[in-house]
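Each remark here refers to the structure printed beneath this line.
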Amino acid sequence: AEGEVVGFENHGGRTYLGPRARPFGTVERGYGNNGDDRTESARYKNAIGTYLHGSLLPKNPILADELLLAALRRRYGPGATLPPIDDTTERAAHEAAVAVTRDRSRKPGHDS
């Protein structure tokens, strides 16, 4: 997906991707998959594997649309489209979650 994906993770493991997977993204704050390469999650074809917790799709409407469109195109062919909808509320929720995350990460005791 284009743009920022907001969420949080809390795990102590280290994840290194195999040769066929690619990172879903990079982290701005925190440690990501393994604390070494700043990558986050894994993507293989249309599947995303992530340690992100919480309401991932409602807080990230662009990602939700991308996954829905991939499923539609798999089923109905490359010409399948999503009808436009007013997602003002969903995008506002995303921006609010991004703002909260940025604000919290600037406070002492949080990753930077």
Side-chain angles (χ1 to χ4, degrees):
E2 295 286 327
E4 293 178 300
V5 173
V6 65
F8 74 94
E9 73 172 76
N10 183 14
H11 75 94
R14 298 204 180 254
T15 300
Y16 295 91
L17 304 182
R20 296 184 347 180
R22 66 185 195 278
F24 176 62
T26 56
V27 293
E28 285 189 21
R29 291 173 176 64
Y31 300 98
N33 284 339
N34 52 48
D36 296 329
D37 60 16
R38 311 231 12 113
T39 62
E40 176 56 43
S41 306
R43 184 165 205 159
Y44 178 70
K45 297 185 179 180
N46 290 324
I48 298 170
T50 183
Y51 290 110
L52 292 176
H53 301 281
S55 52
L56 178 65
L57 296 179
K59 287 183 183 171
N60 297 285
I62 293 173
L63 175 59
D65 287 351
E66 181 182 298
L67 292 173
L68 288 169
L69 187 56
L72 288 171
R73 288 182 174 163
R74 179 175 168 87
R75 175 67 175 93
Y76 299 109
T81 61
L82 285 173
I85 62 168
D86 179 4
D87 62 355
T88 303
T89 302
E90 291 82 358
R91 289 181 183 259
H94 171 80
E95 293 305 319
V98 168
V100 166
T101 301
R102 286 194 174 130
D103 182 54
R104 287 184 180 169
S105 67
R106 289 188 182 109
K107 294 181 180 175
H110 288 81
D111 293 323
S112 56

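- Proximity of a side-chain donor or acceptor of Arg38 to a complementary backbone N or O of Glu28 within less than 3.5 Å is detected.
- Note on Tyr31 and Tyr51: separate hydrophobic clusters, where clusters join Ile, Leu, Val, Met, Phe, Trp and Tyr whose side-chain heavy atoms are under 4.5 Å apart, directly or indirectly.
- A single hydrophobic cluster is not seen to contain both Val98 and Val5; linkage of ILVMFWY side chains at heavy-atom distances under 4.5 Å, directly or through other members, places them apart.
- At distances below 3.5 Å, not a single donor-acceptor pair connects side-chain atoms of Arg91 with backbone N or O atoms of Asn60.
- Between Asn33 and Ser41, the shortest heavy-atom contact is OD1-N, 2.8 Å.
- Counting heavy atoms from C-beta on, the side chains of Thr26 and Glu40 never come closer than 4.5 Å.
- Using a 4.5 Å heavy-atom threshold, the side chains of Thr15 and Thr39 count as separate.
- Under the 4.5 Å side-chain contact rule for hydrophobic residues, Ile62 and Leu68 do not share a cluster.
- When all heavy atoms of Pro23 and Leu17 are compared, the closest pair comes out as N-CD1, 3.3 Å.
- With a 4.5 Å cut-off on side-chain heavy atoms, Phe24 and Leu63 count as touching.
- Judged by distance alone, with hydrogens and angles left aside, the side-chain atoms of Arg73 form a donor-acceptor pair with the main-chain N or O of Ala80 at under 3.5 Å.
- Note that the CD atom of Glu90 and the CG atom of Asp65 stand 9.0 Å from one another [nearest 0.5 Å].
- Inter-residue side-chain proximity for Tyr16 and Asp36 is flagged as met; some heavy-atom pair is nearer than 4.5 Å.
- Atom CG in Leu52 sits 10.5 Å away from atom NZ in Lys59 (nearest 0.5 Å).
- Closest approach of Val27 and Gly32 over heavy atoms only: CG1-CA, 3.7 Å.
- Under the 4.5 Å side-chain heavy-atom criterion for Ile, Leu, Val, Met, Phe, Trp and Tyr, Leu69 and Tyr76 are members of the same hydrophobic cluster.
- In this structure, Asp86 CG and Thr88 OG1 are separated by 3.5 Å, a value rounded to the nearest 0.5 Å.
- Side-chain contact between Asn46 and Leu67: absent, with no pair of heavy atoms (C-beta onward) separated by less than 4.5 Å.
- For the residue pair Leu56 and Val6, the shortest heavy atom distance occurs at CD1-O, 4.1 Å.
- Counting non-hydrogen atoms of other residues, nucleotides and ligands closer than 6.0 Å to CZ of Arg74 gives a total of 12 or fewer.
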